[in-house]
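Below is one structure, written out as structure tokens; comments come after it.
To find a chain, count down the sequence lines: A is the first, B the second, and so on, and within it residues start at 1. Since the structure is predicted, the reported quantities are computational estimates derived from the model, not experimental observations.
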There are 2 protein chains.
Amino acid sequence: MSLLKPHIEKLLGSTLSDFEGIERFFQPISLRKKENLLVEGKVCKANYFVEHGCLRMFFVNEKGVEQTTQFALEHWWLADYASFSSQSPSGFYIQAVEPTRVLSLSYEAQEKLLHEHPQMERYFRLVHQRAHAAAQFRIRWLYGHSKEENYYQFVQRYPEFVQRIPQYLLASFLGFTPEYLSQLRARNIS
Amino acid sequence: MSLLKPHIEKLLGSTLSDFEGIERFFQPISLRKKENLLVEGKVCKANYFVEHGCLRMFFVNEKGVEQTTQFALEHWWLADYASFSSQSPSGFYIQAVEPTRVLSLSYEAQEKLLHEHPQMERYFRLVHQRAHAAAQFRIRWLYGHSKEENYYQFVQRYPEFVQRIPQYLLASFLGFTPEYLSQLRARNIS
DNA sequence: CGGATCGTTGATCAACTTCAACGGTCGTGG
DNA sequence: CCACGACCGTTGAAGTTGATCAACGATCCG
């Protein structure tokens, strides 16, 4: 419970007097590597705040290959928001990349939290606005460059993260095959 | 001013008694075809709600080609939220695809609106949550299929919209060249 | 030790781009 | 109202990018 309070305070720009009243809506969950928080076909019952570790969101395409669409590190919220909002079945998986600790805010808990603490509407408005901005940036990035350029830019921008995850996940996230990633790496060990 | 009130009421699930108090923060703007609301290098000063017509967001890549990343039709909000949130220069353009009428909510006006009408925090939280969900869906869609499949699915899903916009914009949005789109069409007039 | 998982390498192949050229249409100025 | 130019869509040839498939080596973990 060490990261959430400062995160809320940072976004709201004020110190929280009643964090206990907010905290009680969250449930901590510890995940082992490769453990799932959500599987395809199930409803995304909660919104997850990463306290420690790393989550990824992926789907399985028609060829049976996992396609990673998103990672979430410390401080980030993750859920399938289409599924979460309407409490309908999801087409995604959410899985721990490494041992991970999250705070889970269930759909019902979030409703009650927002009702009892209306200032949290503002917090989540800002969280989603930021995520929306990040998505716009991401889409631009996907359009703007070849896959090779994408790779180099990503490595340059997030070198520590590239160290942290296996290569096949990086390839999956960048939208190409592990074989192609190997070729890029081979070319560049110059 | 006909679309905004029902949209707010729909998301908040209640009727608005004081719409006049909200309305006054918005400024209507009429745009001719190809007129710009935002150009690269300028700050995205407002958040735009489309009343009638169609906007597109695009950037110019290093080859000088316009890449369309987003369209906004009636009921949709559009802004470069990274630029808007921090009032810093944008890397995007926002342009009218056809004669378009928007309601503009400037950054300062939005701040005041949210301060005076805190229930609007909930409204914008829901707007951004939906947009975030749409972005997740969009990213999945970009990853999931070849460009050819993307084209067919898009035409099937939004046939009326495909009629409405020129082909070179559709190609730009789908992430390929107008020439390739021509080939796809030629193949498929079967 | 043995099997599964991960990364690598190379050959072949399909998807898509690029470039160049052409025809139609639309709108604007004369 | 016509003519011209700009813009848009089309076609085809050649070139690139990245996928696929198959085989192999290394490493990790039981």
Side-chain angles (χ1 to χ4, degrees), chain A residues 32-36 54 56 58-68 71 95-99 141-155 159 161-190, chain B residues 32-36 54 56 58 60-68 71 93 95-99 141-155 159 161-190:
Chain A
R32 287 185 303 275
K33 191 175 172 175
K34 304 217 174 183
E35 206 171 338
N36 288 318
C54 177
R56 72 177 177 121
F58 67 94
F59 67 97
V60 177
N61 70 17
E62 61 280 353
K63 293 175 191 151
V65 176
E66 296 181 1
Q67 289 276 357
T68 302
F71 290 106
Q95 190 180 79
V97 172
E98 47 189 65
W141 189 73
L142 286 172
Y143 273 84
H145 309 281
S146 71
K147 304 203 165 182
E148 184 175 357
E149 287 169 325
N150 272 359
Y151 167 70
Y152 290 122
Q153 290 212 10
F154 191 83
V155 170
F161 182 65
V162 171
Q163 305 294 344
R164 192 167 163 183
I165 60 167
Q167 287 195 28
Y168 70 96
L169 285 188
L170 179 59
S172 167
F173 177 73
L174 292 173
F176 48 63
T177 59
E179 291 94 328
Y180 186 58
L181 178 52
S182 265
Q183 300 198 146
L184 292 181
R185 288 174 59 85
R187 270 193 236 167
N188 199 238
I189 302 173
S190 50
Chain B
R32 290 186 301 274
K33 191 174 171 174
K34 304 216 173 184
E35 207 171 338
N36 289 318
C54 179
R56 71 178 178 119
F58 66 95
V60 177
N61 69 18
E62 63 279 355
K63 292 173 192 152
V65 176
E66 296 181 1
Q67 289 275 358
T68 301
F71 289 106
Y93 295 76
Q95 189 180 79
V97 172
E98 47 189 64
W141 188 74
L142 286 171
Y143 273 85
H145 309 281
S146 71
K147 303 199 167 181
E148 182 174 359
E149 287 169 325
N150 273 359
Y151 167 70
Y152 291 121
Q153 289 209 11
F154 191 83
V155 170
F161 183 65
V162 171
Q163 305 295 343
R164 194 167 161 182
I165 59 166
Q167 288 194 26
Y168 68 96
L169 285 187
L170 180 57
S172 166
F173 177 72
L174 292 174
F176 49 64
T177 59
E179 292 94 328
Y180 187 58
L181 178 51
S182 266
Q183 300 200 149
L184 291 181
R185 288 172 58 84
R187 269 194 237 166
N188 199 238
I189 301 173
S190 49

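- Across the interface with DNA chain D, nearest-nucleotide mapping of B:Q183 and B:L169 shows B:L169 to be the residue nearer the 5′ end.
- Whole-Å rounding puts the A:E148 CD to C:dT17 C1' distance at 16 Å.
- The residue among B:S182 and A:T177 whose nearest nucleotide of DNA chain D lies closer to the 5′ end is B:S182.
- In terms of heavy atoms, A:T68 sits closest to A:S172 at N-OG, 2.7 Å.
- Taking atom CZ of A:R187 as the reference point, atom C1' of C:dT9 lies 13 Å away to the nearest angstrom.
- When rounded to the nearest whole Å, the span between CG of A:L181 and P of C:dT8 equals 7 Å.
- C:dC13 atom C1' lies 16 Å from atom OH of A:Y180, rounded to whole Å.
- The distance between atom CG of A:L170 and atom P of C:dT8, rounded to the nearest whole Å, is 11 Å.
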Step-by-step side chain to side chain contact (heavy atoms under 4.5 Å, CB included) determination, A:L169 to A:F71: CA-CA 10 Å; A:L169 285 188; A:F71 290 106; 4.3 Å; yes
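- The phosphate of D:dG9 (OP1 or OP2) has no side-chain N or O of B:R185 nearer than 4.0 angstrom.
- Distances shorter than 4.0 Å separate some side-chain N or O of B:K63 from OP1 or OP2 on C:dT18.
- Note: A:R56 CZ to A:K34 NZ = 7.5 Å, rounded to the nearest 0.5 Å.
- Here the P atom of nucleotide D:dT11 and the CG atom of B:L184 are 12 Å apart, to the nearest Å.
- Comparing atom distances between the B:Q167 side chain and each of C:dA20, D:dG9, D:dA19 picks out D:dG9 as nearest.
- Aromatic rings from A:Y151 and A:Y180 are positioned such that their centres are separated by 6.0 Å or more.
- Counting any heavy atom pair closer than 4.0 Å across all strands shown, B:E179 reaches a base atom.
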Worked verdict on A:Y143 versus B:L142 for side chain to side chain contact (heavy atoms under 4.5 Å, CB included): CA-CA 10 Å; A:Y143 273 84; B:L142 286 171; 4.0 Å; yes
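- In this structure, CD of B:E66 is placed 14 Å from C1' of D:dC8, rounded to the nearest angstrom.
- Within 4.0 Å (heavy atoms only), B:K33 reaches no atom of the nucleic acid at all.
- Distance, B:F176 CZ to C:dT17 C1': 12 Å, rounded to whole Å.
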